[in-house]
Amino acid sequence: MISFESTLIETYRLATLPVRSAHRWWMTSQGAVPLGVLFYHRVADEFLTPWTITRRDFERQIDWLSKNFEMISLEECQRRMQTGNSKPALAITFDDGYAENCEWAIPLLLERKIPVTYFVVLDNIVNQRPFLHDLQFGNALPVNTVEQIQALAAAGIEIGGHTRSHPDLGTVTSIAELFDQVVAASTELGLLINRPIRYFAAPFGQLANLSPALFQVAREAGFAGVCSAYGGFNSVSGDSFHIKRIHGDPCFSRLRNWLQYDWRMLNVPDFAYEIPER
Ligand SMILES: [Zn+2]
């Protein structure tokens, strides 16, 4: 059933398409087509939470994304943020580490050769502990095992750090705790998969969940980039260390509207922190 909200979004999208097309033509001519990065959490057909998308909806999105965007890695996304981009391109990420993703969604992406960065919370994986945000919903949903994460890494999926225990880093004022959650936990994760952890995603990822200290600690530790989750495209010539991500919203109309260079998604502010001289 098409909801009233989807109808409204679709009406808005169609009404603004001519303006968007003209703007996209201009961005293409400048080699400045902004880069999209999506984040998903869990692909499953049972125990639907706000951070779960069904297999059917996920496949529909992947079909549409593959037709309309070049599917690239986070590394390639950053390269284009620095050097220019003249066509629609998009990267896929996952947060937290849900076991069901390995049953169907990840095999689908691997089969289609779509690059993926997969961010996991160390303690939940190692101790096989359900996430607090699921327990609060009354669901002890299964998390990935260490063996699954090792298999993902071996299959070519980039494993990223998502802290030790999924705290709100915006409230962490101790540098020692920040270092432990961001750097030490990622180092331990890297040892489990025998590969360095190059990317970090901040839990919750809204502006309030970030801090200048987080970016400083991550940069000094040698991370290649830090992902947020408060929406927005990544502009060319922008700061490529901070990667903004858009929610892989289960509502296809909403996602398509955002990704067709919706004006609001193009104008999401950067997070203010010091960018050191290179
Ligand atoms: Zn998370």
Side-chain angles (χ1 to χ4, degrees), residues 37-44 47-53 58 74 91-102 105-106 109 116-146 148-149 152-153 157-172 177-190 192-193 197-211 213-215 217-218 223-232 242-250 255 271:
V37 179
L38 287 182
F39 68 94
Y40 293 93
H41 285 92
R42 176 173 176 262
V43 183
F47 301 107
L48 299 181
T49 62
W51 39 91
T52 300
I53 181 170
F58 183 74
L74 276 191
I92 299 273
T93 70
F94 281 78
D95 280 7
D96 294 351
Y98 284 98
E100 292 107 319
N101 294 337
C102 288
I106 297 295
L109 296 170
V116 179
T117 303
Y118 200 87
F119 294 99
V120 295
V121 185
L122 183 69
D123 272 3
N124 297 79
I125 302 294
V126 170
N127 301 319
Q128 284 297 285
R129 211 170 51 218
F131 296 108
L132 192 60
H133 46 265
D134 290 320
L135 294 174
Q136 285 165 347
F137 260 72
N139 295 321
L141 299 173
V143 301
N144 287 125
T145 62
V146 170
Q148 281 177 328
I149 300 304
L152 293 180
I157 286 176
E158 173 109 33
I159 304 298
H162 195 43
T163 71
R164 186 182 297 284
S165 59
H166 210 272
D168 170 5
L169 293 179
T171 64
V172 173
E177 190 185 345
L178 205 50
F179 185 88
D180 181 63
Q181 291 282 354
V182 178
V183 185
S186 296
T187 304
E188 289 171 40
L189 177 63
L192 288 178
I193 59 168
I197 300 298
R198 304 190 301 161
Y199 293 96
F200 177 81
F204 311 106
Q206 302 299 301
L207 284 167
N209 312 121
L210 308 173
S211 70
L214 158 65
F215 283 88
V217 163
F223 280 94
V226 169
C227 292
S228 62
Y230 63 88
H242 173 207
I243 302 162
K244 286 185 281 191
R245 297 184 301 169
I246 295 169
H247 180 213
D249 197 298
L255 186 76
F271 178 71

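In this text the structure is predicted, and so the values were computed from the model without any measurement. In listed order, ligands and their atoms are each counted from 1.
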Quiz item: Which of these passes side chain to side chain contact (heavy atoms under 4.5 Å, CB included) with Phe131: Trp51, Tyr98, Phe137?
Solution: Tyr98
Quiz item: Can you list every salt bridge (Lys or Arg N to Asp or Glu O under 4.0 Å) pair that touches residues 160-169, not counting sequence neighbours?
Solution: Arg164-Asp180, Arg164-Glu188
Self-check item: Within the 6.0 Å centroid threshold, strictly below: Phe271 and Phe215
Solution: yes
Quiz prompt | Of the protein N/O/S atoms, how many lie under 2.8 Å from the Zn ion (ligand 1) | solution = 3
Quiz item: Are Phe200 and His162 close enough that their ring centres sit under 6.0 Å apart?
Solution: no
Quiz prompt | Donor-acceptor contact below 3.5 Å, side chain Arg245 vs main chain Leu38 | solution = no
Exercise. Could you label the plane-to-plane angle of the Phe204 and His166 rings as parallel, tilted or perpendicular, counting under 30° as parallel and over 60° as perpendicular?
Key: perpendicular
